[in-house]
Amino acid sequence: MSEQQQAAPKNFIRQIIDADLASGKHTHIRTRFPPEPNGFLHIGHAKSIVLNFGIGEDYHGATNLRFDDTNPAKEEEAFVEAIKEDVRWLGYRWDELRFASDYFEQLYGYAVELIEKGLAYVCDLSPEQVREYRGTLTEPGRESPYRNRGVEENLDLFARMRAGEFEDGSRTLRAKIDMASPNMNMRDPALYRIRHGLVHHQTGDAWCIYPMYDFTHPISDAIEGITHSLCTLEFEDHRPLYDWVLDHISIGCHPQQIEFARLNLEYTVMSKRKLTQLVSEGHVSGWDDPRMPTIAGLRRRGYTPASIRSFCNAIGVTRSDSTVEMGVLENAIRSDLDASAPRRMAVLRPLRLVISNYPEGQVEKLQGPNHPKDAAMGSRELLFTREIYIDREDFREEANKKYKRLVLGKEVRLRNAYVIRADEVIRDAAGEITEIRCTYDPETLGRNPEGRKVRGVIHWVPAEQGIPVQVRLYDRLFRVPAPGREGDFLDDLNPDSLSILEEAVVEPSLRDVAPGERFQFEREGYFCRDPEDAADGRPVFNQIVSLRDSWGG
RNA sequence: UGGGGUGUCGCCAAGCGGUAAGGCACCGGACUUUGACUCCGGCAUUCGCAGGUUCGAAUCCUGCCACCCCAGCCA
């Protein structure tokens, strides 16, 4: 995993780590990736994964995978497994697998310590009242009438909260900080809430009180000896609370929270709520729909782990809000696949072409290199016959010199085969072109014709031996760079984000392709065999990304 | 309007007082049996704006402006 850090300038977090190492503050670095198991990971999480695990690797430190599972109402075991799979697929291995719920007993103990120190109290205010008491952004809040309960009473009440004596919402444990703080997070934040009747995927029904993120996270980090706790910008206002918790309990470790900007990508959405809505309302086929920005979607689309890693390293890590263009992601997968994907020929919109001077019934075995610049990748056999298919886009009855494909009366090179000339167009009753009659030049296999130069090269597939497949072409999921910027994001969905080509035919060597195998269909793009076949059993190929196209017309 | 942040090329992003890296995109041109790849060349006299300090400022100071985040018993 060294393809990504090509002497790139170090981001500000790595600079902080360098300084901490240089000053002797730390001798060993430990980070963590802390997802809540309430949904699928997306490309934004990949940024965090690459950041955290990348630092763990590069500094010869360690990185934990920790599930932030403090809210059983939203979490599921299935998401735990899916997240683990995604992290592994991206190419990372965690040092230790932890759950915040592993620490519930310790967390409870630290809560008791805060109560004993007079720094936390049981509050009987209802959620609505708490909101009223909290004040607003510009006005200070008011202190809860329960704020000055005695330590013994608080201890008793907290124990009874745990014992299940009180109803959901009737009480919370709150930190006693400052109701007048300009930072809303410091206005006596809730530390514990009561939640009955839930089955936690790790702890079952052992608890009916659950600790809040702000209380759990710093302590979990400290327990694990995390040196640098990296999170996104919206947690910046929580840092004073993160520090407050660690400053007031007996725990010998105080990780440093550092925030960075989350990833935004043009023409897609990243929020869990929106992604969930796309799936639940059927706008996409599932979390792994190839158009989704989820790791599962990108994987099914055909993106490689290396391409996602290199993308994450290319975009950098800073504190400024930014929205990255799709082109950067596309560039990452193109450069990976250009080097590694074997070349094949596939005709997406077939047009029959008959070579009238080629013997009927003859099947000629030709060789096509798997890669134009890497002979080590070998070659595959191609079958050349009298009747072949070319793409409808590659033929015109008339065209100017800019058009480098087959034109009536003109010549073109068939990729890996002969030069042909189009002689005649055959139409059906409706006037639609159904066939092109051509003649070929037998002297042009592997060499250029004499006395003339043939500019264009088009791909082809033998008509009889070609394999019918279904090809799915993908476009951006949304038609605007910032979906939902004005109005409902669903109104910005791109109605043409998926095109299914039922007539496509691929070369015979593609007969037994494993799901997930990637190829470059020459002159078209990179494609990947989908794990599921079409309803009629034909293989399905997903377009990962098109080739760069500087022609445009 | 309280608090916390951010503003360097179309999009990312280096830069940390010594005179604007790099990537993506884009535009030329070469090469080419993929209009791909590769290669060569071009692409910020200027760093949100206005002042100030300094021999020297994107970097320091002051004041504006714009945008983002915060009022869950979510994370």
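Side-chain atoms are counted along with the backbone in the values below, which use heavy atoms only and exclude waters and symmetry mates. Here is how names work: the chains are called A, B, and so on, in the same order as the sequence lines, proteins then strands, and each is numbered from 1.
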**Q.** Opposite nucleotide pairing with B/G2, Watson-Crick or G-U, both atom distances under 3.5 Å
**A.** B/C70
**Q.** Base versus backbone protein contacts along nucleotides 22-30 of chain B [heavy-atom cut-off under 4.0 Å; B, S, -]
**A.** --SSS----
(Q) Both distances below 3.5 Å, Watson-Crick or wobble geometry, any strand: find the nucleotide opposite B/C55. (A) B/G18
Q.
Counting the benzene-type ring for Trp, do A/Phe104 and A/His200 have ring centres under 6.0 Å apart?
A. yes
Q | A/Tyr303 ring center within less than 6.0 Å of A/Phe311 ring center | A | no
Q) Is the ring centre of A/Phe521 less than 6.0 Å from the ring centre of A/Phe541? A) yes
Q: Name the closest nucleotide to the A/Trp551 side chain, picking from B/C73, B/G35, B/U34.
A: B/G35
Q. For the side chain of A/Arg413 and the base of B/U33, is some donor closer than 3.5 Å to an acceptor across the two?
A. yes
Q | Any donor-acceptor N/O pair under 3.5 Å between B/G35 base and A/Arg405 side chain | A | yes
Q. In Watson-Crick or G-U wobble terms, both distances under 3.5 Å, what is the partner of B/U62?
A. B/A50
**Q.** Distance-only polar pair, side chains of A/Glu167 and A/Ser170, donor-acceptor under 3.5 Å
**A.** no
Q.
Before we go on, tell me: are the rings of A/Phe158 and A/Tyr108 under 6.0 Å apart, centre to centre?
A. yes
**Q.** Distance between C1' atoms of B/G63 and B/G28 (Å, rounded)
**A.** 45 Å
Q.
Could you check whether the side chain of A/Arg319 and the base of B/U6 have a donor-acceptor pair of N or O atoms closer than 3.5 Å, going by distance alone?
A. no
(Q) Less than 4.0 angstrom between a side-chain N/O of A/Gln15 and OP1 or OP2 of B/G15, yes or no? (A) yes
**Q.** base_contact_polar (B/U34 base, A/Glu524 side chain, donor-acceptor, <3.5 Å)
**A.** no
